[in-house]
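In what follows, every heavy atom counts, from backbone to side chain, and hydrogens, waters and symmetry copies are set aside. Order of the sequence lines sets the chain letters (A, B, ...), proteins ahead of strands, with each chain counted from 1.
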Protein chains: 2
Amino acid sequence: MQRVTIAQVAERAGVSTATVSRVLSGRGPVSAGVQRKVRRAAEDLGYQVNSIARALRNSRTDTVGMVVPSISNPFFTSLVESVEHALGREGKELFLCDARSDPEIEARRLATLVARSVDGIIVSPSHGTLSGAAVQETADRLPLVQLDRFVGGTSTDWVGVDDVAAMRQVMDHLHAGGARSAAFVGSLLTNSSTEQRFAGFRRRAEELGIAVDPGHLLLGDYSVDWGETAAARLFAAGGTPPDAVVCADDLIALGVTRACRAHGVDVPGRVQVTGYDNIEFARLSEPALTTVDQPRERIAAEAVRLLAAAAAAGGSGGGGGEGRGPSAHIALVPSLVVRDSTRAGA
Amino acid sequence: MQRVTIAQVAERAGVSTATVSRVLSGRGPVSAGVQRKVRRAAEDLGYQVNSIARALRNSRTDTVGMVVPSISNPFFTSLVESVEHALGREGKELFLCDARSDPEIEARRLATLVARSVDGIIVSPSHGTLSGAAVQETADRLPLVQLDRFVGGTSTDWVGVDDVAAMRQVMDHLHAGGARSAAFVGSLLTNSSTEQRFAGFRRRAEELGIAVDPGHLLLGDYSVDWGETAAARLFAAGGTPPDAVVCADDLIALGVTRACRAHGVDVPGRVQVTGYDNIEFARLSEPALTTVDQPRERIAAEAVRLLAAAAAAGGSGGGGGEGRGPSAHIALVPSLVVRDSTRAGA
DNA sequence: GTGAAAGCGCTAACAG
DNA sequence: CTGTTAGCGCTTTCAC
């Protein structure tokens with residue numbers, strides 16, 4: 001099965017390849033008659049552009065690369081969906097890569113995307129520092145936007161939510177529900193999400209006079225398993241359990257509520273639990289999770305917009321030294337979704 | 001930021017572009033000394049291959065395209081992970097597309113992948129008939145393997161599980177747990193998964209003498225919402241609810257158990273519930289779901305193997321008329337995972 | 001309005 | 001062992 005080329009279409013239509021190209025890409029003046037002939041010939045032969053050749057010629061692939069820490073985390077898949085959606089409106093494709101939460105794999109993926117000449121890259125870096133070098137290097141070569149998470153010491157655009165503001169809402173809600181002490185369960189402080197959320201948690205807890213036992217800061221990873229483990233630790237015999245458990249994401253919160261069920265700890269009666277992200281399964285757990293809803297569609301739309309702007313403003317780097325002005329940091333305000341894992345305010 | 005080309009490396013190393021190419025792609029004999037010089041130069045300049053140019057020249061992209069019905073279904077994302085993993089071992093990349101369960105979008109995605117000259121395509125067709133034309137057309141141009149779901153009337157390789165055998169296990173287990181009547185909740189019979197699972201359900205129910213009320217066959221879509229809706233219907237006042245609810249996938253089953261909880265129907269006391277796929281959340285629901293575990297890693301590995309074989313056997317078509325022998329249909333046997341949503345056998 | 005021709009970056013003959 | 005050269009399929013000046 002040989003692929004049909006522009007040359008064959010040209011021959012069949014009795015014109016030059018230049019004309020065929022003009023017709024098919026809709027650029028340049030071609031008489032109506034010739035147009036029809038060419039289209040006809042292309043149709044008959046089942047012609048399809050060879051986007052590789054086109055890309056080589058145009059040095060544009062109409063493809064955007066996206067790298068996420070984990071494709072099995074529903075939050076990221078929904079973010080991917082939103083980005084794909086937003087890109088579709090611009091006639092661009094998405095090339096998706098999973099970094100498996102490993103900065104090395106992530107670096108390789110980024111390099112691959114550069115080699116493939118994608119038009120731009122959207123990345124949610126898996127590590128707050130170790131991802132830095134690769135992200136910066138990539139950003140020096142291509143338009144790049146960080147999404148959700150970001151990495152320190154780089155000068156690229158970023159879109160995400162205001163974690164600190166979100167945590168303020170969470171803590172206020174828990175406080176209104178009677179919480180006077182709280183625990184925080186997150187991942188190791190090696191990515192911006194956890195860092196920011198933890199910072200927001202700690203600050204507002206202090207302001208509200210909510211007690212935080214140093215032993216009640218449990219850092220592991222973003223997984224249900226870790227949530228279960230952490231909860232088991234919190235409610236182990238001996239210590240004094242907190243009134244509330246604030247989780248850095250929904251997966252952890254799902255694990256925590258599950259462990260509470262298993263250990264006969266009433267949620268929200270004995271302890272209130274909150275998540276973050278509002279993944280679909282958050283509403284399905286028993287009890288349904290109170291969580292922070294991230295405006296994915298808007299995050300995605302902004303990211304795509306920034307990427308387009310960067311591309312228009314001239315090939316490389318998002319912000320830093322050359323070219324465009326300083327990089328944009330867009331923090332959207334998320335909203336609290338109150339369900340059954342917390343107590344309604346007084 | 002101009003990209004470094006092979007020519008610049010050649011100049012810096014004082015050799016020809018051909019030599020550089022030979023060194024960098026590891027083909028052809030080059031003296032050790034020159035090798036070092038070239039690598040050095042490439043390193044200094046930060047050279048990276050332009051895979052677009054390479055692809056145009058080689059007509060090989062080392063990229064495989066994958067199209068799934070829905071990237072937000074955890075089963076498919078885990079399949080994607082497995083496939084990516086398997087491809088990684090062959091030094092190939094994955095280009096992932098989401099068809100949003102729409103055969104038209106699916107057809108466009110397939111066309112795009114062809115235009116992009118991927119080396120092969122792995123697709124789980126969203127529709128049992130409407131996906132047919134596009135899949136066949138694509139298979140005529142490129143090596144293609146169907147995964148999990150398949151479409152009728154095509155002649156391509158396929159890898160998945162034996163749904164009928166799986167359903168036999170499910171029904172036997174329910175029967176042993178005392179079920180004498182059962183309902184089936186699935187998607188519309190427009191994809192092979194539901195079709196096969198339904199066929200398996202119906203056949204074994206008959207053989208075991210399990211009663212199936214015609215009103216207890218509920219077909220909607222693969223979603224939690226539909227599961228909830230269906231369950232509400234089954235337990236609505238008036239009818240006689242079944243002893244067991246067999247669901248065509250875990251999302252549906254999650255919805256069903258949730259609705260049961262909401263309506264105070266005891267699972268598995270009053271009604272047993274089973275899922276299919278064994279997604280991560282299956283074990284988290286209350287009660288944890290009994291379900292069918294699909295051997296994703298093996299499915300993925302087989303698919304990649306078949307694709308490689310097809311590619312080796314000569315460019316196009318998976319099986320059909322020309323070239324290779326008849327197409328392979330590989331049905332792996334899945335295993336039942338018994339948890340708390342069913343009653344242990346007598 | 002249309003054609004001829006150059007060239008994107010790379011690799012594979014073919015010479016030497 | 002290494003260099004020269006042609007050309008993958010497409011777009012785009014530059015002539016006519």
Inset, instruction - Quick one: list whatever passes side chain to side chain contact (heavy atoms under 4.5 Å, CB included) with A:His127, sequence neighbours left out. - result: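 By the side chain to side chain contact (heavy atoms under 4.5 Å, CB included) rule, A:His127 matches A:Pro103, A:Thr129, A:Leu130, A:Ser131, A:Thr190.
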Legend entry - side chain to side chain contact (heavy atoms under 4.5 Å, CB included) against B:Lys92, all qualifying residues, sequence neighbours excluded: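 B:Lys92: side chain to side chain contact (heavy atoms under 4.5 Å, CB included) contacts with B:Asp62, B:Val64, B:Leu87, B:Glu90, B:Asp119.
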Inset, instruction - Produce a footprint string for nucleotides 10-16 of chain C: one letter per nucleotide, 5' end first; B if the base is under 4.0 Å from any protein heavy atom, S if only the sugar-phosphate is, - if neither. - result: BBBB---
How many Å lie between [atom1] on [X] and [atom2] on [N], as a whole number?
X       : N     : atom1 : atom2 : answer
B:Leu56 : D:dC8 : CG    : P     : 9 Å
B:Lys37 : D:dC1 : NZ    : C1'   : 12 Å
A:Gln8  : D:dG9 : CD    : C1'   : 11 Å

Inset, instruction - Please tell me which of the listed nucleotides, C:dG1, D:dC1, D:dG3, lies nearest to the side chain of B:Pro29? - result: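 The answer is D:dC1.
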Legend entry - Any residue meeting side-chain hydrogen bond (donor to acceptor under 3.5 Å, both in side chains) with B:Arg149, in chain and number order, not counting sequence neighbours: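 Here no residue qualifies.
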Inset, instruction - With sequence neighbours left out, write down each residue that passes side-chain hydrogen bond (donor to acceptor under 3.5 Å, both in side chains) with A:Ser51, or none if nothing qualifies. - result: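 Residues passing side-chain hydrogen bond (donor to acceptor under 3.5 Å, both in side chains) with A:Ser51: none at all.
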Inset, instruction - Kindly calculate the angle separating the two end axes of the helix from C:dG1-D:dC16 to C:dG16-D:dC1, each obtained from five base pairs, and round it to 10 degrees. - result: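 Computed from the C1' atoms at both ends, the axes differ by 40°.
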Can you give each donor-acceptor pair under 3.5 Å made by side-chain atoms of residues 13-23 of chain B, sequence neighbours left out, with the distance rounded to 0.1 Å?
from, atom 1, to, atom 2, distance (Å)
B:Ser16, OG, B:Ala18, N, 3.4
B:Ser16, OG, B:Thr19, N, 3.3
B:Ser16, OG, B:Thr19, OG1, 3.2

Inset, instruction - Scan for salt bridge (charged side-chain N to carboxylate O under 4.0 Å, His left out) pairs involving residues 10-19 of chain B, sequence neighbours excluded, and state none if there are none. - result: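 Matches after skipping sequence neighbours: B:Arg12-B:Asp44.
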Inset, instruction - Please answer whether the main-chain N or O of A:Glu104 pairs with a side-chain N or O of A:Asp102 as donor and acceptor at a distance below 3.5 Å. - result: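 Confirmed, A:Asp102 side chain pairs with A:Glu104 backbone.
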Legend entry - Any residue meeting salt bridge (Lys or Arg N to Asp or Glu O under 4.0 Å) with B:Arg298, in chain and number order, not counting sequence neighbours: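 B:Arg298: salt bridge (Lys or Arg N to Asp or Glu O under 4.0 Å) contacts with B:Glu302.
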Legend entry - Phosphate-side-chain proximity, A:Ser59 and C:dC8, N/O vs OP1/OP2 below 4.0 Å: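 No, outside the criterion.
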